[in-house]
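Below is one structure; the comments refer to it alone.
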Amino acid sequence: MDQISAENAFDSVEFAENPEPRVPCVLILDTSTSMHGPRIAELNKGLETYRNELLADPLAAKRVEVAIVTFGGRVTRLVEFATALDFNPPKLNVIGGTPMGEAISLALDMIEERKASYRDNGIAYYRPWAFLITDGEPNDHWKPVISRVHSGEQQKSFCFFAVGVEGANMTVLDEISVRKPLWLQGTKFCELFSWLSNSQQAVSRSSPGDEVPLEDPTTGPRGWAQI
């Protein structure tokens, strides 16, 4: 059995066991050397918070799917889509430069692949999320990804979010993202992922296609961002 048919067979079993609608989210995480020290440590803690809070919501645990793409030296398809029940946060380590454009492109490819799997298996799904976190600027050929992000947003193929950690080139993020990029306050990764979990829990309780207002990330107990 080749790889593609093996994946299709796995998907069929997975969806038969859990036919709930899906809220897919790809985390696009900067693991370049500038993320060393407290930043990568807090990012790792944030991923644990994200998983634990999703697991605490029985519906979100079955509906929210998480995948991870990292970019540090090279782009890595680190975690394939999995519900919170099967999501095991990896321990991220830092290395190399910042091939951000390639990472975003891969994440969007993964979203399209996953949507095709849903359609093939009769699974309803909510608009996917692509969630970028970086403290730098791309050192690859990133300009082509701008039109892809903007076109996908216009067609409501996905929602793209960009978060800059101190040192990030916000001008570049502003070019890429239709939504206003946000600054992370210090290393509030746990608060960021708590907000992300809370937002996706709210989406998972709605009907696919519904517009769900998100909590303002700059205010309240989960406030982690600056505009």
Side-chain angles (χ1 to χ4, degrees), residues 20-30 43 46-47 49-55 57 59-71 75 77-87 89 100 103-119 123-134 145-146 148-165 173 176-182 184 189-218 222 224-225:
E20 293 284 345
R22 298 302 207 273
V23 185
C25 176
V26 182
L27 304 175
I28 312 166
L29 305 179
D30 188 341
L43 177 55
L47 290 174
T49 295
Y50 183 43
R51 189 268 310 272
N52 292 338
E53 293 198 6
L54 288 174
L55 284 175
D57 182 321
L59 192 59
K62 293 188 291 184
R63 291 187 170 186
V64 177
E65 288 191 339
V66 186
I68 295 178
V69 171
T70 58
F71 56 105
V75 174
R77 188 168 172 155
L78 191 62
V79 176
E80 298 295 329
F81 281 106
T83 62
L85 296 168
D86 297 312
F87 173 54
M100 188 189 303
I104 294 171
S105 184
L106 174 59
L108 300 184
D109 287 345
M110 291 172 68
I111 285 173
E112 292 308 312
E113 290 170 12
R114 196 57 174 165
K115 285 160 63 175
S117 292
Y118 297 149
R119 290 191 291 266
I123 298 296
Y125 60 91
Y126 302 80
R127 194 189 308 183
W129 292 37
F131 204 91
L132 171 71
I133 301 175
T134 181
V145 85
I146 297 173
R148 188 172 180 189
V149 170
H150 287 224
S151 175
E153 284 272 18
Q154 184 177 26
Q155 296 168 18
K156 298 188 175 180
S157 298
F158 52 78
C159 298
F160 184 88
F161 299 86
V163 177
V165 183
L173 295 186
I176 295 172
S177 181
V178 173
R179 290 173 176 78
K180 184 69 177 175
L182 295 172
L184 182 71
F189 288 105
C190 286
E191 289 85 350
L192 181 161
F193 281 105
S194 182
W195 174 88
L196 183 59
S197 169
N198 184 67
S199 299
Q200 292 174 339
Q201 289 172 51
V203 171
S204 72
R205 289 190 293 269
S206 69
S207 298
D210 286 355
E211 290 293 330
V212 179
L214 303 181
E215 180 183 323
D216 186 344
T218 65
R222 290 187 179 86
W224 52 267

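Numbering starts at 1 and runs along the sequence shown.
- Scanning both residues, P89 and R51, for their nearest heavy atoms gives CD-NH1, 3.4 Å.
- Remark: the Q155 side chain and the S151 side chain contain an N/O donor-acceptor pair separated by less than 3.5 Å.
- In plain terms, the two heavy atoms of S105 and V145 that are nearest each other are N-CG2, 4.1 Å.
- No side-chain heavy atom of F160 sits less than 4.5 Å from a side-chain heavy atom of V178.
- No side-chain heavy atom of I28 sits under 4.5 Å from any side-chain heavy atom of I68.
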Between F161 and W129, does the ring pair (Phe, Tyr, Trp, His ring centres under 6.0 Å) criterion hold? Intermediate values first, please. CA-CA 8 Å; F161 299 86; W129 292 37; 4.7 Å; yes
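- Contact check for V26 versus I111: side-chain heavy atoms found under the 4.5 Å cut-off.
- Distance check, rounded to the nearest 0.5 Å: CZ of F71 to CG of L29 gives 7.5 Å.
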Test side-chain hydrogen bond (donor to acceptor under 3.5 Å, both in side chains) on Y125 and R119 and set out the steps. CA-CA 9 Å; Y125 60 91; R119 290 191 291 266; 3.2 Å; yes
Full working for side-chain contact (heavy atoms from CB on, under 4.5 Å) between V75 and T70: CA-CA 6 Å; V75 174; T70 58; over 6 Å; no
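- In this structure, CG on L196 lies 10.0 Å from CD on Q201, to the nearest 0.5 angstrom.
- Taken from CE in M100 to CD1 in I176, the straight-line distance is 6.0 Å, to the nearest 0.5 Å.
- Summarising the geometry, atom OG belonging to S197 is positioned 11.5 Å from atom CG belonging to L192; distances are rounded to the nearest 0.5 Å.
- Between F81 and V66, the closest side-chain pair of non-hydrogen atoms is not below 4.5 Å.
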Run the side-chain contact (heavy atoms from CB on, under 4.5 Å) test on L43 and D30 for me, step by step, so that the C-alpha distance in whole Å, both residues' side-chain angles and the decisive distance to 0.1 Å come before the verdict. CA-CA 10 Å; L43 177 55; D30 188 341; over 6 Å; no
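- In this structure, the side chains of Y50 and L55 stay at 4.5 Å or more apart for every pair of heavy atoms.
- For N52 (side chain) and T49 (main-chain N/O), no donor-acceptor pair under 3.5 Å exists by modelled atom type.
- The salt bridge (charged side-chain N to carboxylate O under 4.0 Å, His left out) with D109 is formed by just one residue from the set R148, K115, R77, R114; it is R148.
- Two residues are said to be in side-chain contact when any heavy atoms from C-beta on lie closer than 4.5 Å; V165 and F189 meet this criterion.
- Taken to the nearest 0.5 Å, the OG1 atom of T218 stands 8.0 Å off from the CG atom of L182.
- Here the shortest heavy-atom pairing between W224 and E191 reads CD1-O, 3.5 Å.
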Assess the residue pair V69 and L27 against the criterion (side-chain contact (heavy atoms from CB on, under 4.5 Å)); give the C-alpha distance rounded to whole Å, side-chain angles, the decisive distance to 0.1 Å, and a yes or no. CA-CA 6 Å; V69 171; L27 304 175; over 6 Å; no
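- Judged by distance alone, with hydrogens and angles left aside, the side-chain atoms of Y126 form a donor-acceptor pair with the main-chain N or O of S206 at under 3.5 Å.
- You'll find the side chain of V64 stays beyond 4.5 Å of the side chain of T83, heavy atoms only.
- Using modelled atom types, one finds a donor on one side chain and an acceptor on the other under 3.5 Å when comparing E53 with S194.
- When all heavy atoms of S157 and P128 are compared, the closest pair comes out as O-CD, 3.3 Å.
- Checking side-chain atoms of R22 against main-chain N and O of E20 turns up a donor-acceptor pair under 3.5 Å.
- Distance check, rounded to the nearest 0.5 Å: CD1 of I123 to CD of E65 gives 9.0 Å.
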Could you walk me through whether E113 and S117 pass the side-chain hydrogen bond (donor to acceptor under 3.5 Å, both in side chains) test, one step at a time? CA-CA 6 Å; E113 290 170 12; S117 292; over 6 Å; no
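- Taking the six-membered ring where tryptophan is involved, the planes of F131 and W195 are tilted, since the angle between them lies from 30° to 60°.
- A salt bridge does not link D57 with R63: none of the charged nitrogens is closer than 4.0 Å to a carboxylate oxygen.
- The closest side-chain heavy-atom distance from K62 to L85 is below 4.5 Å.
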